[in-house]
Amino acid sequence: MSSRAVKTEAVVLRSMRYGEADRILHLYTPHRGRVPAIAKGVRRARSRFGGRLEPFFRLHIELHEGRSELLTVTGAQTIDGHARLRSDARALDAAARACDAVGRLFETSEPHPGVFNLLCRQLGLLDERAGRSAGMVAGGGAADTDTDTGGPGATGARAAALAFRLKLLLAAGLAPQLAACANCGEREHLVGFSGAAGGVVCSACEAGSFALGEDAYVFMTEALGRALTEVPPAPAPALGQVERAIAATLEHHAHLRLMPAVGHAV
Ligand SMILES: [Zn+2]
């Protein structure tokens, strides 16, 4: 097998120290899915890569593909470093959870350009919001103090994270069935959600399901149908049901358990 050069856009999902001065990277690319790579000498002070190979950087990257499963990074130019996001603990945490979800749900080389675009958009939105809240604090406005008490700021962040996850489910072919009972097709009296059935279930089929209220139902339907920039509002209890529905779907159909959508004390 001959070696070759690969040029692609990529987002750095993870970056782990390796050996004396190297890093192992998980990259997410539009046309090669998740790519494991090694950046040699990157931790030396005079590395030509600078700080570009850190998580959440969007890059033009050049890789060398040889016999190893790990591709070797030979060049990198920054498209977006998401600098504002890095100075905001909550945005940073949300970005880490978004990257973790993409890396685990789409862990193969199968191409999903739509997922790459979703991730770029989500990181861009987190960066924008971090910039806005920094501006508010600097301008003497009220700082967001409700982050660990479940106030409106925290609810908004959770809604955004769950809307992103629902779109990932859709891209993975795992979108929950919402229009009719996933078990019998009934369109009325949809009262529960069943991960095993893969969607909402009616009152006759509710055994083994959990209750899903109107607000949670509307949130899921709207989040799946709208752009990421238009996260539908929903009260905290409904978001709890949505998160449970996503978790049950992933557990039954992908045998996967993700981190909670948002951290508790960021
Ligand atoms: Zn039914």
Side-chain angles (χ1 to χ4, degrees), residues 1-83 85-86 91-127 164-165 167-174 228 250 254-259:
M1 183 177 125
S2 63
S3 63
R4 63 192 197 101
V6 174
K7 283 187 182 187
T8 178
E9 270 194 49
V11 168
V12 180
L13 299 177
R14 288 188 70 186
S15 169
M16 294 153 283
R17 288 159 175 260
Y18 183 75
E20 289 281 296
D22 303 344
R23 279 188 179 279
I24 302 279
L25 308 174
H26 288 174
L27 303 171
Y28 199 78
T29 67
H31 303 294
R32 298 174 65 109
R34 199 179 82 169
V35 173
I38 184 163
K40 291 179 177 159
V42 70
R43 281 156 52 218
R44 293 191 215 289
R46 292 168 61 169
S47 164
R48 64 206 156 104
F49 298 123
R52 274 180 222 116
L53 300 179
E54 297 291 324
F56 324 133
F57 267 79
R58 181 177 177 179
L59 305 164
H60 282 300
I61 202 159
E62 286 144 48
L63 301 155
H64 175 86
E65 185 173 33
R67 289 167 191 277
S68 162
E69 240 178 71
L70 287 174
L71 281 70
T72 304
V73 180
T74 53
Q77 288 90 45
T78 305
I79 297 173
D80 196 337
H82 303 115
L85 178 162
R86 283 164 208 286
L92 207 55
D93 182 69
R97 285 167 201 269
C99 285
D100 179 75
V102 167
R104 296 213 276 146
L105 202 46
F106 302 93
E107 60 179 358
T108 68
S109 59
E110 196 183 322
H112 288 282
V115 171
F116 177 80
N117 291 337
L118 267 179
L119 179 61
C120 290
R121 197 154 312 150
Q122 184 73 345
L123 292 175
L125 286 170
L126 288 169
D127 191 54
F164 177 67
R165 283 193 181 180
K167 288 190 168 286
L168 291 185
L169 286 192
L170 184 64
L174 296 173
L228 263 186
L250 283 173
H255 307 289
L256 193 68
R257 200 174 286 196
L258 297 179
M259 291 197 258

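No experiment lies behind these values; they were computed from the predicted model shown.
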Taking only residues two or more places apart in sequence or in another chain, which ones pass side-chain hydrogen bond (donor to acceptor under 3.5 Å, both in side chains) with Asp127? Arg84
Just how far is it from atom CG of Leu85 to atom CG of Leu125, taken to the nearest 0.5 Å? 11.0 Å
Heavy-atom nearest pair, Ala101 first then Arg165, reads CB-NE, 4.4 Å
Restricting to pairs with a member in residues 116-126, which pass side-chain hydrogen bond (donor to acceptor under 3.5 Å, both in side chains), not counting sequence neighbours? none
Mind jotting down which residue pairs meet the side-chain hydrogen bond (donor to acceptor under 3.5 Å, both in side chains) criterion with at least one end in residues 30-48? Sequence neighbours excluded, please. Arg32-Glu65
Would you check if the side chain of Thr8 reaches a backbone N or O of Ala10 as a donor-acceptor pair within less than 3.5 Å? no
Quick one: side chain to side chain contact (heavy atoms under 4.5 Å, CB included) partners of Leu118, sequence neighbours excluded? Phe164, Lys167, Leu168, Leu228
Leu250 vs Arg257 side-chain heavy atoms within contact, under 4.5 Å: no
Kindly compute the distance separating CD (Glu54) from CG (Leu25), expressed to the nearest 0.5 Å. 9.0 Å
What residues form a side-chain hydrogen bond (donor to acceptor under 3.5 Å, both in side chains) with Arg58, not counting sequence neighbours? Glu9
Is there side-chain contact between Leu27 and Val12, with heavy atoms separated by less than 4.5 Å? yes
Under the rule for ring pair (Phe, Tyr, Trp, His ring centres under 6.0 Å), what residues qualify as partners of Phe49, not counting sequence neighbours? none
What is the distance from atom CD1 of Ile38 to atom OH of Tyr18, rounded to the nearest 0.5 Å? 5.5 Å
So, using ring pair (Phe, Tyr, Trp, His ring centres under 6.0 Å) as the criterion, who are the partners of His26 when residues are at least two apart? none
Taking side chain to side chain contact (heavy atoms under 4.5 Å, CB included) as the definition, give me every residue that meets it alongside Glu69, ordered by chain and number, with sequence neighbours left out. none
Could you pull out all residues at least two apart from Arg23 that satisfy side-chain hydrogen bond (donor to acceptor under 3.5 Å, both in side chains)? Ser15
Using the salt bridge (charged side-chain N to carboxylate O under 4.0 Å, His left out) criterion, which residues pair with Arg14? Sequence neighbours excluded. none
Tell me, which pairs form a ring-ring contact (aromatic ring centres under 6.0 Å, His included) where one or both residues lie in residues 94-124, sequence neighbours left out? Phe106-His112
Kindly list each side-chain donor-acceptor pair under 3.5 angstrom involving residues 72-83, sequence neighbours excluded, with atom names and distances?
residue: Thr74; atom: OG1; partner: Glu62; partner atom: O; Å: 3.1
residue: Asp80; atom: OD1; partner: His82; partner atom: N; Å: 2.8
residue: His82; atom: ND1; partner: Phe56; partner atom: O; Å: 2.7

Nearest 0.5 angstrom please: Leu70 CG to Ile24 CD1, how far? 4.5 Å
